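What follows is a set of notes on a single structure, which appears directly below.
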Amino acid sequence: RYLLNLLVEMYADCGSIDAATQVFFLIDRPNLFSWNILLTAYAQNGHLDRAAEIFARMPERNLVSLNAIISAYAQAGQIHKVLSLFTTMPQKDIISWNVLLKAYGEQGNAALAKEVFDKMPEWDLVSWNAMIAAYALCGHIGKARALLGRIPIRSVLSWSCIVQAFVQHSGNLGDAREMFFEMPEWDAASSTAIVTLLSQQCGLEQAQEVFNGMQHRNVTAWNAMLLVYIRCGHLEGAESVFHSMPRKNIVSWNSMIHFHVQNGNFESAKRMFLSVPEHDVFSCTDMITGFARVGLLKDAVKIFSEMPESNVVSWTAIAAAHAQLGYTVEAMDLFDRMAERDVVAWTMLLTTHAQAGKITEAKTLFDQMPERN
RNA sequence: GGGCCCCCUUCGACUAGAG
């Protein structure tokens with residue numbers, strides 16, 4: 001049985017949820033471990049609803065199951081759910097507390113994160129790192145630094161967490177770099193984060209320097225470096241990096257497809273898309289955008305309808321494709337059929353109306369928007 | 001009698017949509 005448990009987990013880690021589920025059903029009498037593994041598998045692959053279903057259907061649950069489900073809600077940004085479950089939990093361990101702490105931190109709520117942090121019965125490295133990341137994410141540089149100095153367990157990971165948080169918080173580009181250069185040593189994650197940051201500024205030389213200084217360059221690091229050239233619009237550079245990569249994955253291929261779409265080399269994009277071993281929502285969405293730009297709405301629709309899964313982003317892309325090519329009614333209809341809508345989707349619809357001359361409707365939409373930027 | 005480890009939970013860095 002525990003070999004099968006391991007197999008379920010293995011498939012889940014590869015993102016093959018269906019395979020994982022099939023193996024689960026092969027297990028003769030699934031034990032609590034098996035159920036927990038399945039629960040986590042769904043949660044970590046973004047299927048919160050299915051995870052909740054599994055949680056409800058489990059024959060028994062333990063602290064691990066509860067931690068897994070609150071973590072899933074935290075990942076989906078449903079803090080209320082996290083909190084209500086957390087408060088009703090019969091026992092909690094440091095992991096439960098860490099989940100709550102991290103949830104507040106990721107929301108950018110340093111005050112509540114601190115409250116949780118102070119209430120916790122004990123702390124480990126994860127707690128310390130989550131707290132400094134929360135500070136960094138809110139731009140509380142001084143507090144982050146102060147806490148960093150007081151962590152009893154010294155680890156690069158803590159520095160790395162701060163750097164990454166600064167990178168995520170777009171207002172703190174300078175701080176991220178400063179922090180990075182103060183680190184006692186560099187790990188792959190912080191270096192990659194800095195390379196990504198430099199890609200946004202077109203800091204080609206500096207990015208290359210950081211990249212060259214890395215001890216071990218994995219695919220993720222290479223992908224980040226590839227993006228630097230892509231974002232700087234440097235064709236030969238991008239192609240040279242792409243071809244010298246020791247390993248490529250779906251992110252590398254998707255980045256190149258994106259590059260070609262953005263630069264109007266749609267034939268190259270198409271060739272790349274067709275020659276690549278697998279497609280996902282990223283590459284399909286890029287192709288939808290690409291087809292729309294060259295006026296081939298039918299092909300865009302074909303990609304959209306054949307996608308393995310779709311999300312807000314791909315729905316917005318296909319709706320925008322219709323709108324840009326003059327099919328405003330269809331675009332609006334697509335908007336209505338979307339399962340969820342974010343600011344970008346709303347803005348898309350808003351401009352569609354505005355450009356169709358429907359100013360009153362546009363104004364109404366603006367007032368209806370749940371959030372604005 | 002007690003502790004630790006064993007198959008599960010906190011898990012970090014890279015790609016897509018409107019303006």
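We name chains A, B, ... by the order of the sequence lines, and we start the count at 1 in each one. This one's a predicted model, so the numbers in the text were calculated from it and none came from an experiment.
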Fill in: Closest contact, heavy atoms only, A:Ser255 versus A:Ile230
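Shortest heavy-atom contact: O-CD1, 3.4 Å.
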Worksheet entry | Span that lies between the C1' atom of B:C14 and that of B:U10, in whole angstrom |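 Those two atoms are separated by 23 Å.
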Worksheet item: Considering only the C1' atoms, how many Å lie between B:A13 and B:U9, rounded to the nearest integer?
Response: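 So the two C1' atoms sit 22 Å from each other.
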Short side-chain N/O contact from [X] to OP1 or OP2 of [N], under 4.0 Å:
X: A:Gln355; N: B:A18; value: no
X: A:Lys92; N: B:U10; value: no
X: A:Gln91; N: B:U9; value: no
X: A:Arg372; N: B:G19; value: no

Per the atom types in the model, does the base of [N] pair as donor or acceptor with the side chain of [X] at under 3.5 Å?
X: A:Asp342; N: B:G17; value: yes
X: A:Thr347; N: B:G19; value: no
X: A:Asn223; N: B:A13; value: no
X: A:Asp187; N: B:A13; value: no

So which nucleotide from [options] ends up closest to the side chain of [X]?
X: A:Val281; options: B:G17, B:C8, B:A16; value: B:A16
X: A:Asn62; options: B:C8, B:U15, B:A13; value: B:C8
X: A:Ala193; options: B:A16, B:A13, B:C11; value: B:A13
X: A:Thr289; options: B:U9, B:G17, B:U15; value: B:G17
X: A:Val64; options: B:G17, B:U9, B:A18; value: B:U9
X: A:Val344; options: B:A18, B:U10, B:U15; value: B:A18
X: A:Thr192; options: B:A13, B:C8, B:U10; value: B:A13
X: A:Leu227; options: B:G19, B:G17, B:U15; value: B:U15
X: A:Gln168; options: B:A13, B:C8, B:C14; value: B:A13
X: A:Asn36; options: B:C14, B:U15, B:C8; value: B:C8

Over all strands shown, is [X] touching base, sugar-phosphate only, or nothing at heavy-atom distances under 4.0 angstrom?
X: A:Ser160; answer: base
X: A:Asn5; answer: base
X: A:Ala188; answer: base
X: A:Asn311; answer: base
X: A:Asn218; answer: base
X: A:Val195; answer: nothing
X: A:Ala189; answer: base
X: A:Gln262; answer: sugar-phosphate

Quick one: [X] [atom1] to [N] [atom2], roughly how many Å, whole number?
X: A:Phe304; N: B:G17; atom1: CZ; atom2: C1'; value: 11 Å
X: A:Arg247; N: B:C14; atom1: CZ; atom2: C1'; value: 13 Å
X: A:Asn249; N: B:C14; atom1: CG; atom2: P; value: 13 Å
X: A:Ile95; N: B:C11; atom1: CD1; atom2: P; value: 10 Å
X: A:Arg217; N: B:A13; atom1: CZ; atom2: P; value: 21 Å
X: A:Phe366; N: B:G19; atom1: CZ; atom2: C1'; value: 13 Å
X: A:His322; N: B:A18; atom1: NE2; atom2: C1'; value: 16 Å
X: A:Ile250; N: B:C14; atom1: CD1; atom2: C1'; value: 13 Å

Worksheet item: Ring-on-base stacking between A:Phe33 and B:C8, under 5.5 Å between centres and under 30° between planes: is it there?
Response: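 So no, this residue does not stack on that base, at least one cut-off failing.
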Practice prompt. Verify the ring-centre separation between A:Phe117 and A:Trp97: is it less than 6.0 angstrom?
Written response: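 Not under 6.0 Å, so no.
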Fill in: A:Trp35 and A:Phe24 aromatic centres sub-6.0 Å
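Aromatic pair counts; centres sit under 6.0 Å.
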Worksheet item: After noting the C-alpha distance and the side-chain angles of A:Glu182 and A:Arg177, does the key distance pass the salt bridge (Lys or Arg N to Asp or Glu O under 4.0 Å) rule?
Response: CA-CA 9 Å; A:Glu182 275 177 36; A:Arg177 287 184 43 179; over 6 Å; no
Discussion item. Is the ring pair A:His322/A:Tyr327 parallel, tilted or perpendicular, if the boundaries are 30 and 60 degrees?
Written reply: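 Answer is perpendicular, since the angle exceeds 60°.
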Item to complete: Look at the rings of A:Trp123 and A:Trp128 and say which category their plane angle falls in: under 30° parallel, 30 to 60° tilted, over 60° perpendicular.
Response: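 Taking A:Trp128 first and then A:Trp123, their aromatic rings sit tilted (interplane angle of 30° to 60°).
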Worksheet entry | Flag if over 12 foreign heavy atoms under 6.0 Å of CZ, A:Arg247 |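 Result for CZ/A:Arg247: open.
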Worksheet item: Between the side chains of A:Asp187 and A:Ser190, does any donor sit under 3.5 Å from an acceptor?
Response: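 Distance-only check passes for A:Asp187 and A:Ser190.
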